[in-house]
Structures are given as structure tokens and as C-alpha cells.
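These figures come from a predicted structure and were not determined experimentally.
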Amino acid sequence: MPLLEHRTSQLCQEFAFWASSPPRDFGGIYEMRTYDLVPGSLLEWEHEWRRGLEARSHFVQPVGAWFSQVGRLHQVHHVWNYASMEQRDKQRAEAWKIDGWNDTVVKTVKLSTKMEASIMHPLDFSPLK
């Protein structure tokens, strides 16, 4: 049985309103969220996430966000940094208390057909360790 059974490639572009953080030592863990969007809804998703990012930025360090250009289309990725899983849970709960966050979720969930979350730990050679 081969060790690699499937592989895909994707080219993405960062959102203009959400510039990627330069590589640096944040420590902790990273959460990457991936959303498959309804075709044609990217601009509406971006509009709503501008407000959502402002609300979430009070509690968590955003690392960056990108949308697909080549490969699987209609996909959005964003990465957040947390000190630990416990901090992630606490900060996500606190975000619901901020004006604008709940509204962002209600409006953007209708634009998504699938969502996936991955927790990542940087390896020793990573600039994000």
C-alpha cells in the first residue's frame, strides 16, 4: 500500500483587507478553517468578513486569509493563532459577546456549502514555531 494515496494543489491569493502576518515566532497552535463557498458569493463573503475580522481581532491573532485562484475554486482559507486549545475555546466563546460577530456568522454560513477546521502544530523548522 503506498504511503501517499491522494494529493492536490491549489494557488491562492490573500484578501486585500486581511494582509498575512510576516513569519514570526507566535508559539502555540494554529487553526486553519476552510470554507467551500456557493459559486459567485466570494465578494459577499468578503464584505461580511471585514466586519467579522474586526470583532474577532479583539481576542485572537489573525495570521492570514486566502481565496483560491487555481485548483479547487470557490474556497476560502483563514488561519488563527492561539496559545493553546484551552485559550482557543475561551477566545471563541468570548467572540460571541462582541457586537458584529454573531451577525457575521449568520450571514456567512448561508454562503458556505462545507466547512473544515484543522489544528496545526508548527514543526521545529517552521518560521511560525
Side-chain angles (χ1 to χ4, degrees):
M1 172 177 258
L3 297 176
L4 182 64
E5 294 181 10
H6 179 79
R7 184 171 123 178
T8 61
S9 295
Q10 188 178 56
L11 296 177
C12 296
Q13 180 177 336
E14 75 179 6
F15 284 99
F17 73 94
W18 191 344
S20 300
S21 298
R24 60 181 186 242
D25 187 352
F26 286 119
I29 62 166
Y30 295 85
E31 179 179 22
M32 181 168 74
R33 292 188 158 243
T34 299
Y35 297 87
D36 289 355
L37 301 182
V38 173
S41 65
L42 180 64
L43 292 179
E44 186 178 353
W45 187 92
E46 178 183 352
H47 173 75
E48 296 302 333
W49 256 95
R50 285 176 187 263
R51 293 196 305 240
L53 179 61
E54 186 177 318
R56 284 291 302 277
S57 294
H58 293 286
F59 294 99
V60 63
Q61 174 69 44
V63 177
W66 308 268
F67 60 94
S68 59
Q69 291 281 297
V70 174
R72 186 168 187 168
L73 299 178
H74 314 295
Q75 215 170 46
V76 172
H77 309 279
H78 48 91
V79 176
W80 303 87
N81 176 239
Y82 300 95
S84 65
M85 287 297 290
E86 293 78 19
Q87 183 197 38
R88 174 189 173 270
D89 292 344
K90 180 181 174 187
Q91 289 177 328
R92 289 181 55 79
E94 288 294 318
W96 292 104
K97 299 174 186 175
I98 296 291
D99 286 341
W101 178 243
N102 187 52
D103 193 43
T104 296
V105 172
V106 167
K107 290 179 179 176
T108 57
V109 75
K110 296 181 232 179
L111 305 174
S112 303
T113 61
K114 181 181 173 186
M115 183 269 179
E116 182 178 324
S118 300
I119 301 298
M120 302 178 294
H121 297 271
L123 298 174
D124 290 340
F125 60 82
S126 171
L128 298 177
K129 60 183 179 231

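- The CE atom of Met32 sits 10.5 Å away from atom CD1 of Ile119, with the distance rounded to the nearest 0.5 Å.
- At distances below 3.5 Å, not a single donor-acceptor pair connects side-chain atoms of Ser126 with backbone N or O atoms of Leu123.
- Grouping the Ile, Leu, Val, Met, Phe, Trp and Tyr side chains by contacts below 4.5 angstrom, directly or via other members, places Val105 with Leu111.
- Minimum interatomic distance between Val106 and Lys110 (heavy atoms only, all atoms of both residues): O-CE, 3.3 Å.
- Ring geometry for Tyr35 against Trp45 counts as tilted: the plane angle lies between 30° and 60°, on a 0 to 90° scale.
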Exercise. Please step through side chain to side chain contact (heavy atoms under 4.5 Å, CB included) for the pair Met85 and Ile29, ending with a clear verdict.
Key: CA-CA 7 Å; Met85 287 297 290; Ile29 62 166; 3.3 Å; yes
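- With a 4.5 Å cut-off on side-chain heavy atoms, Tyr82 and Gln91 count as touching.
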Quiz prompt | Verdict with supporting geometry, Arg51 and Lys107, side chain to side chain contact (heavy atoms under 4.5 Å, CB included) | solution = CA-CA 11 Å; Arg51 293 196 305 240; Lys107 290 179 179 176; 3.5 Å; yes
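- Within the model, atoms CG of Asn81 and CE of Met120 stand 10.0 Å from one another, a figure rounded to the nearest 0.5 Å.
- Thr113 places no side-chain N or O within donor-acceptor distance of the main-chain N or O of Leu37, the cut-off being under 3.5 Å.
- Rounding to the nearest 0.5 angstrom, the gap separating the NE2 atom in His74 from the OG atom in Ser41 is 8.5 Å.
- With rounding to the nearest 0.5 angstrom, the CD atom of Glu48 is 6.5 Å from the CG atom of Asp103.
- Linking Ile, Leu, Val, Met, Phe, Trp and Tyr whenever their side-chain heavy atoms come within less than 4.5 Å leaves Leu53 and Ile98 in two separate clusters.
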Quiz item: Could you walk me through whether Trp49 and Phe17 pass the side chain to side chain contact (heavy atoms under 4.5 Å, CB included) check?
Solution: CA-CA 9 Å; Trp49 256 95; Phe17 73 94; 4.1 Å; yes
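- A salt bridge links Glu46 and Arg50; the closest N-O separation between the charged side-chain nitrogens and carboxylate oxygens is under 4.0 Å.
- Using modelled atom types, no side-chain atom of Asp36 and backbone atom of Met115 make a donor-acceptor pair closer than 3.5 Å.
- Taking the salt bridge (charged side-chain N to carboxylate O under 4.0 Å, His left out) definition, one finds that Arg56 meets it with nothing, sequence neighbours left out.
- Listed here is the closest heavy atom pair of Ser68 and Cys12: CA-SG, 3.9 Å.
- Residue Trp101 comes nearest to Ala95 through the heavy atom pair CB-O, 3.3 Å, listed as atom of the first residue, atom of the second, then distance.
- Classification of the His78-Trp80 ring pair by plane angle, with boundaries at 30° and 60°, yields perpendicular.
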Practice problem: Quick one: do Gln69 and Gln10 satisfy side chain to side chain contact (heavy atoms under 4.5 Å, CB included)? Show the steps, please. | Solution: CA-CA 7 Å; Gln69 291 281 297; Gln10 188 178 56; over 6 Å; no
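- If you run side chain to side chain contact (heavy atoms under 4.5 Å, CB included) between Trp66 and each of Thr34, Val76, Val79, only Val79 comes through.
- In summary, the side chains of Glu14 and Ser20 do present a donor paired with an acceptor at a separation below 3.5 Å, with no hydrogens or angles considered.
- Remark: side-chain polar atoms of Ser84 are paired, donor with acceptor, to backbone N or O of Gln87 under 3.5 angstrom.
- A salt bridge links Lys97 with Glu94: the distance from a Lys NZ or Arg NE/NH1/NH2 to an Asp or Glu carboxylate oxygen falls below 4.0 Å.
- Pro62 is listed as a side-chain neighbour of Trp18, based on a closest heavy-atom distance under 4.5 Å.
- For Glu31, the salt bridge (charged side-chain N to carboxylate O under 4.0 Å, His left out) partners two or more places apart in sequence, or in a different chain, are Arg33, Arg88.
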